[in-house]
Amino acid sequence: MAQNDPILKIKNLSVAYGQVKALTDISIEVLKGEIVVLVGANGAGKTSIMETVLGANVPVSGTIEFKGKSIGGVPVDKNVRNGMYLVPEGRGVFSSMTVMDNLLLGAHHNLKNADSKLELVFDSFPVLGNRKSQVAGTLSGGERQMLAIGRALMSSPEMILVDEPSIGLAPIIVNDIFEILVNLNKEGYSILLSEQNVYKALKIAHRGYILETGKMTKHGTADELLNDPAVREAYLGA
Amino acid sequence: MEVLIAQIFNGLSLGSIYVLLVTGFNLLLLVAMIIHFSFPVVVVFSMYVSWAVMTATGMVPLGILAGILSAIAVNVVTAPMFQHIMKKRGSVDINATMVISMGMGMIITDILSHTFNQGFPIAFPDALTGNDKGALISTRLISISRGQVLTLIIGVIFVLFLFWLLYKTRAGRAFRAIAEDPNGAKLVGIPLLKTGLQSYALTGILGGVTAVLMAVLLGSASAGLGDQLGHKVLAVSIIAGLGNLKGGLIIGLLLGVLEAVIQGYLAGSWSNAIAFIIMLIVILAKPKGVFGSSL
Amino acid sequence: MSLPLYYFLAIAAIYILMSWSIYIPYRVGQLHFMTVANMAISAYFAALMAINFSWPFWLVLIAGTLLGALIGFLVSLAIGDAPCFAVVIVGFTFIYLTKTIIENVEAFGGPLGIFSIPKVMQTSSSNRVFLLITAYALVLLTGYLIKRFDRSRLGRAASAIFIDRDLAVSFGVDVKKMGMFLQSWASAVGGMSGVLYAFIMQSISPNHFTFHIVGICMTMLFVGGYSTIWGALLAAPILWGFPLILPEVLQSWNIVIYGVLLIVVLVIKPEGIITRPMIKKLESILLRKKKLV
């Protein structure tokens, strides 16, 4: 079902914060229509990859291609316009602003058909429609995650970067969120997901990459990784 | 009683000036992330430019236009300097922006006290202030001038416009997002520098309009006015809680009314001093503000 | 000694002290401009005591310094750990209020100020020499104390607060006490400078103690470098001195020149011309030479 064209192609990427090396020689591909998951412990570099792809960090070396064009050093707002959007770690919605405002921020660069997009978002997430004039700070954790995803959809992205969606959420709600991601993927969105919840993430993903302290240690299809004894021992507790 | 009412009205006009200045200061603080202590000095500079054009050409509308444009120009021209400092964000750097702003204030105030009108206070023509037409309402005890009414009306309209802009427009949404979480705003694709630049332009317009209103209301200006307003604006925004727009609205109006009422009963420079003493007491008691800071 | 040279040296000492009085609380990131108000208050106190009650110089100097410390301490009870901008506005308000009060109260001489503050020594020339020696002795003393502070455990705690306040708190540094100590000390230095100033100038007026002093001292501190005491020590005489040798047309623009310098240095070299690593390097070179000898 995945087409063979890569939408995102990261090659030999290294990133440093000052003297501290955050990522070393990372190569990742996301094909069109795929869910690719980055798994690893805290501090493995998942968020760094997300932010670098997005354009918030400048790589030390390596190339990033999005839809066949190099985007190294391109600022975030250009990448957003170009069809990439982040669902940040810890939900990252603006809690003093209303649900409506948060959603419209997603459409910041493309307000023309915001109304029709809003309708779509409210169809998928009725709870957001019911609370659209409420301040985001009053929402529950799961609702905020939906809002962050809804905001991403407002930008009409081709690829959504989802950073640690399950952090701090109850297991039932995590299941809901993952189901939402699977549905979005079926609608045609490519998804780069980072997760600590390795089992659940690999269950919904097509392929996965395993990171340890800024380096890539393994990659393969989700099934391969789920059945890999080393992975099972390190991440799945079996 | 009649005097009190007149003074309260007077205070509301003055207060609306403070509100405009504080709102401009807060917007720069929230969106551009600078403490532009000398923002009121820029406004007084625009008053001087406006005055110079009015006296040179005799045309009041041209002077008004020049005043507004000069405020925008100063803000936009100095923006890259502040943005250069703010690229490395941190609490110490925000202090640096305040020091730079004070440096700007030193330069502008000194230029004003050397050049325009040989450093003497300037007086705006009656064609602008409407003082030659006499008071709008006058009874035995009180008189309310055209300038006061005009300032209050335009002040209210402009504040409403600002809040509409902040809460109902695309740019306003971006402003508020940056104000709440600059990094979060950046990650969802809001260009910080470009949006920051818009806030410099917006506060430039705001400053220019305020300059004209001050010219109408006060009828005169001196080089030291900017410093004094700078202190008041910083004090008001600290009392209201730095970056608290609605708090600034309330405290700005309160300060205007307080000053006017004191002036109604006490003459000379003491009235100003009492306003400062009251502000000082509030700041000493609550250095972090009455309504809480949004920073 | 020629009169201009005397005034240059004497006022330079005052500016060194005043710039240091801004430096001291800036060790924890606070711009405590109240020291300018302390300078005014203690200068007026000194003048009135010396004229009306014939207090001797040393008594006035000590009392004026303590007066500064006391006021600084009382205010620091409220703003010892306040954010920088609150400290700034409290300082400005004090300067403004002090000026308003001395301008409007007859006993303080009104806008004209106070004249004929007595000499400390009999002759004019011995008076000048005495005041110069005293002023620079106090510069040395204050510099020595700041140096000792900077090198102590407390100085390191202050640096920690400057760099990251929350982190410093988590290490158990008492931010409020540190702020109170530094503010009181700075106000004492401000008061001491005020007394010196009154005796050097022999006449004072409200206009001597306004915001231009804030601007000048701020320029000296930030252009010289706020991370070490050497910045203000070198910048104060140079910045105070060079407008004096400019042609008269330019001299009156000295505040504009200061403002431009301040902005340019902060934009190009935010930590100022003289920095702590620079001083460290210099010290290590000097120490090595000593060892070789």
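Just the heavy atoms: all of them, side chains too, but no hydrogens, waters or symmetry mates, feed the values below. In what follows, chains are A, B, ... by sequence order, proteins preceding strands, each numbered from 1.
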K.L.:
Taking C:Ile101, C:Val214, C:Val90 one by one, which has the highest count of heavy-atom pairs under 4.5 Å against chain B?
P.N.:
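Sorted descending by pairs with chain B, the first entry is C:Val90.
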K.L.:
B:Ile238 versus chain C, heavy atoms under 4.5 Å apart: side chain, backbone, both or neither?
P.N.:
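Interface part for B:Ile238: side chain.
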K.L.:
Looking at C:Tyr96, is its backbone amide N or carbonyl O close enough to the side chain of B:His231 to form a donor-acceptor pair, meaning the two atoms are under 3.5 Å apart?
P.N.:
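No; judged by distance alone, with no hydrogens or angles, the pair does not exist.
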K.L.:
To the nearest 0.5 Å, tell me how far C:Leu266 CG sits from B:Met102 CE.
P.N.:
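Atom-to-atom, C:Leu266:CG and B:Met102:CE are 11.5 Å apart.
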K.L.:
Verify side-chain contact (heavy atoms from CB on, under 4.5 Å) between B:Asp110 and C:Tyr258, making sure each step is shown before the conclusion.
P.N.:
CA-CA 11 Å; B:Asp110 208 43; C:Tyr258 289 152; over 6 Å; no
K.L.:
Under 4.5 Å, heavy atom to heavy atom, which residues of residues 233-243 of chain C contact chain B?
P.N.:
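If one takes a 4.5 Å heavy-atom cut-off, no residue of residues 233-243 of chain C lies near chain B.
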K.L.:
Return the option, out of B:Ile277, B:Asp227, B:Thr109, B:Ile239, with the maximum number of heavy-atom pairs under 4.5 Å with chain C.
P.N.:
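Ranked by contacts with chain C, first place is B:Ile277.
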K.L.:
Do B:Gln228 and C:Phe211 have side-chain heavy atoms sitting under 4.5 Å apart?
P.N.:
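Not in contact.
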K.L.:
Taking all non-hydrogen atoms of both residues, which atom of B:Ala273 and which atom of C:Thr100 are closest, and how far apart?
P.N.:
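Heavy atoms only, the tightest pair is CB-CG2, 3.8 Å.
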K.L.:
Answer yes or no: does atom NZ of C:Lys280 have more than 12 heavy-atom neighbours from other residues, nucleotides or ligands under 6.0 Å?
P.N.:
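It does not: C:Lys280 NZ has 12 such atoms or fewer within range.
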K.L.:
Of all of B:Ile35, B:Ile111, B:Ile108, B:Val99, which one pairs up most often with chain C through heavy atoms under 4.5 Å apart?
P.N.:
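Max contact count across the listed options: B:Val99.
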K.L.:
Compare every heavy atom of B:Leu234 with every heavy atom of C:Phe85, then report the nearest pair and how far apart it is.
P.N.:
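For C:Phe85 and B:Leu234, the tightest heavy-atom pair comes out as O-CD2, 4.1 Å.
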K.L.:
So, for C:Leu262 and B:Met106, which heavy atoms are closest and what is the spacing to 0.1 Å?
P.N.:
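The pair with the smallest heavy-atom distance is CD2-SD, 4.4 Å.
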K.L.:
Side chain, backbone, both or neither: which part of B:Phe82 has a heavy atom under 4.5 Å from chain C?
P.N.:
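Neither the backbone nor the side chain of B:Phe82 comes within 4.5 Å of chain C.
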K.L.:
Looking at B:Pro287 and C:Ala78, what are the two nearest heavy atoms and their distance?
P.N.:
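Nearest heavy atoms, B:Pro287 then C:Ala78: CG-O, 3.7 Å.
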K.L.:
Quick check on B:Met104 against chain C: is it the side chain, the backbone, both or neither that has a heavy atom closer than 4.5 Å?
P.N.:
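It is both, since atoms from each part get that close.
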K.L.:
Counting heavy-atom pairs under 4.5 Å with chain B, which one of C:Ile79, C:Val260, C:Leu261, C:Val87 comes out on top?
P.N.:
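Max contact count across the listed options: C:Val260.
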K.L.:
Taking the side chain from B:His84 and the backbone from C:Val267, do they hold a donor-acceptor pair closer than 3.5 Å?
P.N.:
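Yes: the side chain of B:His84 pairs with the backbone of C:Val267.
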K.L.:
Side chain, backbone, both or neither: which part of C:Thr210 has an atom under 4.5 Å from a heavy atom of chain B?
P.N.:
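When you check distances to chain B, no heavy atom of C:Thr210 falls under 4.5 Å.
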K.L.:
Any chance NZ of B:Lys246 has more than 12 other-residue heavy atoms, nucleotides or ligands included, within less than 6.0 Å?
P.N.:
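No, because the 6.0 Å sphere around NZ of B:Lys246 holds 12 heavy atoms or fewer from other groups.
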K.L.:
Can you see which heavy atom on C:Leu97 is nearest to which on B:Phe276, and at what distance?
P.N.:
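Looking at all heavy atoms of both residues, the closest pair is CD2-CB, 4.0 Å.
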K.L.:
If we define contacts as heavy-atom pairs under 4.5 Å, which of C:Ile255, C:Val75, C:Leu31, C:Leu77 has the most with chain B?
P.N.:
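Highest number of heavy-atom pairs under 4.5 Å: C:Ile255.
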K.L.:
Which heavy atom of B:Met81 sits nearest to which heavy atom of C:Ile263, and what is that distance?
P.N.:
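Heavy atoms only, the tightest pair is SD-CG2, 3.3 Å.
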